[in-house]
Amino acid sequence: MIRVQREDFDVGAEMAALSEGNPRVGAVVSFVGVVREMVEGASGEPAITALTLEHYPGMTERQLAEIEAEARARWPLEACLVVHRYGRLEPGDRIVLVVTASAHRQAALEACSFLIDWLKTKAPFWKREETAAGAKWVAARDGDDSAAERWDKTDEK
Amino acid sequence: MIRVQREDFDVGAEMAALSEGNPRVGAVVSFVGVVREMVEGASGEPAITALTLEHYPGMTERQLAEIEAEARARWPLEACLVVHRYGRLEPGDRIVLVVTASAHRQAALEACSFLIDWLKTKAPFWKREETAAGAKWVAARDGDDSAAERWDKTDEK
Amino acid sequence: MTLLYFAWLRTRIGQQSETVTLPDGVTTVGALLEWLKQRGPGYAAALEDLSVVRVAVNQDFAALDHPVADGDEVALFPPVTGG
Amino acid sequence: MTLLYFAWLRTRIGQQSETVTLPDGVTTVGALLEWLKQRGPGYAAALEDLSVVRVAVNQDFAALDHPVADGDEVALFPPVTGG
């Protein structure tokens, strides 16, 4: 299940909903991305005062659905949820939620890790950071590509 | 932070508490273990009606604290929580919660995975399953040992 | 063809979307980008370094040799930074 | 010495804890287990297969050659199955 929305989400409620009534679920894993106040690895730079997430309505939902289908094909998941916010967010705000539920912990953990890695390189979202010094578009990180690439190895799972 | 308790826990509240007021947190990962109705890989066996978790008061807290310290030594965590329940639980009930918070998703994801793997082989808890056919102590799984051993490799992270 | 621009490509080109009719000979993503570059200084600035430009044709990522035709929805944007 | 038993070791031995005075010569975990086996059929049954018995001395996991002394808290239990 995927959702792209402006509103915040309730992590505990979403996790409970994914396992409720399914006697096969033994492990539920969640990842929550949060807006940090600090610029990536730059101690001298000004603090982030806000973040605006732009997305490509239509393609975003489509790409997230494909990423979810890929995770379900690779791991025996009982349930799977990706919620990604757009619009203006402030430090401390939640940006993204990934939840995976499986009979076994390894499947839930690996699938959650896979989903957030793939989402970071394939889902059309763009961050614009505001600081006291002005606003700028966030540049993509090489680390995100390599994190996603490790799932390309056919023997990964 | 570690807690051993009879009561249930509120996943969303625990996760929020770990990142609240800390501007460095960019990723919060949680693992929730849930009582399954089915016996491990045995489709013909009777469903589990209840589970009783026995523990070793004193040593349990001590081992969990050591496991947490090890995770904090290996990954740059901003916060870390392990809550493990004991007593009688029913299918669908939550057993264990692991939450990790870090500036970076990889650290939070890996540390969460490490904590649940180590906890499964080092924390003194024992499960007794009740089914319509009677009660029996759950045998340890070889898979748990090998899952924990992959973190022994000194080059792991 | 519908063209969509996102993030700094949108601000440099100065609009969010436009509808164009492809000239003869523009049948691939690569040819489309070369043609767009000629349309004005905003386009030229936005498309100066193609290593930081991603293209989607009908909402799927597409390489430079991917075919394009009138009726397609083509989007140009920088590498994604969600999550 | 305080001895603690957990899970099926507790039910086979028939008690949760006991206080014993070590005889001379019992100075390691291994010697302690051999001595306990002689204390009755419940102990012998519980300690028949040591590959499924784990030992903690003063709340830390201990191997067979680990020293033991009066005053220690020694716990016997099966491989753990929490999480």
Side-chain angles (χ1 to χ4, degrees), chain A residues 2 4 31-36 39-40 51-67 82-87 89 94-98 112-129 135-145 147-148, chain C residues 1-20 28-30 32-33 36-37 41-83:
Chain A
I2 66 115
V4 180
F31 174 94
V32 176
V34 176
V35 181
R36 282 186 295 160
V39 177
E40 183 64 37
L51 196 71
T52 302
L53 269 149
E54 180 171 331
H55 77 299
Y56 179 175
M59 181 173 174
T60 304
E61 289 82 354
R62 196 181 159 128
Q63 291 295 314
L64 290 179
E66 272 183 30
I67 294 167
V82 176
V83 183
H84 203 302
R85 295 178 70 186
Y86 62 90
L89 303 172
R94 285 175 279 267
I95 309 173
V96 62
L97 170 68
V98 175
C112 184
S113 189
F114 165 85
L115 281 160
I116 188 68
D117 280 349
W118 262 40
L119 186 157
K120 285 236 169 211
T121 57
K122 291 177 198 282
F125 286 98
W126 302 275
K127 287 192 187 105
R128 185 170 169 81
E129 285 175 353
K136 69 166 199 288
W137 292 99
V138 176
R141 297 174 59 222
D142 288 341
D144 288 335
D145 278 334
Chain C
M1 165 180 292
T2 304
L3 284 165
L4 303 173
Y5 309 111
F6 293 97
W8 54 257
L9 272 138
R10 171 174 55 73
T11 52
R12 284 195 199 162
I13 290 174
Q15 57 189 337
Q16 191 172 339
S17 68
E18 60 182 321
T19 304
V20 299
T28 64
V29 166
L32 173 66
L33 295 176
L36 284 173
K37 275 188 193 175
Y43 293 90
L47 302 174
E48 190 184 5
D49 177 5
L50 290 183
S51 75
V52 289
V53 174
R54 298 291 176 269
V55 180
V57 176
N58 299 322
Q59 305 190 349
D60 266 324
F61 286 99
L64 291 180
D65 60 355
H66 193 284
V68 292
D70 278 324
D72 284 345
E73 174 178 301
V74 176
L76 308 188
F77 46 76
V80 305
T81 57

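Convention: sequence-line order gives letters A, B, ...; per-chain numbering from 1.
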Checklist entry - What is the distance from atom CZ of A/R128 to atom OG1 of C/T11, rounded to the nearest 0.5 Å? => result 6.5 Å
Checklist entry - Can you name the closest pair of heavy atoms from C/V80 and A/A140 and give their distance? => result O-CB, 4.0 Å
Next on the checklist: Could you report the tightest heavy-atom contact between A/M59 and C/F61, atom names first, then the distance?
Outcome noted: CE-CE1, 3.7 Å
Checklist entry - Counting only heavy atoms not in C/Q16, do more than 12 sit closer than 6.0 Å to its CD atom? => result no
Next on the checklist: For a quick test of reading the model, state the closest non-hydrogen atom pair linking A/G58 to C/Q59 and the distance between them.
Outcome noted: C-OE1, 3.3 Å
Item to check | A/K127 side-chain N/O to C/G83 backbone N/O, donor-acceptor pair under 3.5 Å | outcome: yes
Next on the checklist: One pair to check against side-chain contact (heavy atoms from CB on, under 4.5 Å): C/R10 and A/W126. What are the steps and the verdict?
Outcome noted: CA-CA 12 Å; C/R10 171 174 55 73; A/W126 302 275; over 6 Å; no
Next on the checklist: For a quick test of reading the model, state the closest non-hydrogen atom pair linking A/Y56 to C/A75 and the distance between them.
Outcome noted: CE1-CB, 3.2 Å
Item to check | C/E48 atom CD, neighbour heavy-atom count above 12 within 6.0 Å | outcome: no
Checklist entry - Between C/D60 and A/E66, is any pair of side-chain heavy atoms under 4.5 Å apart? => result yes
Next on the checklist: Would you compute the distance between atom CH2 of A/W137 and atom CZ of C/F77 and round it to the nearest 0.5 angstrom?
Outcome noted: 13.0 Å
Item to check | A/R62 versus chain C, the contacting section by heavy-atom distance below 4.5 Å | outcome: side chain
Item to check | Contact class of C/R54 relative to chain A, heavy atoms under 4.5 angstrom | outcome: neither
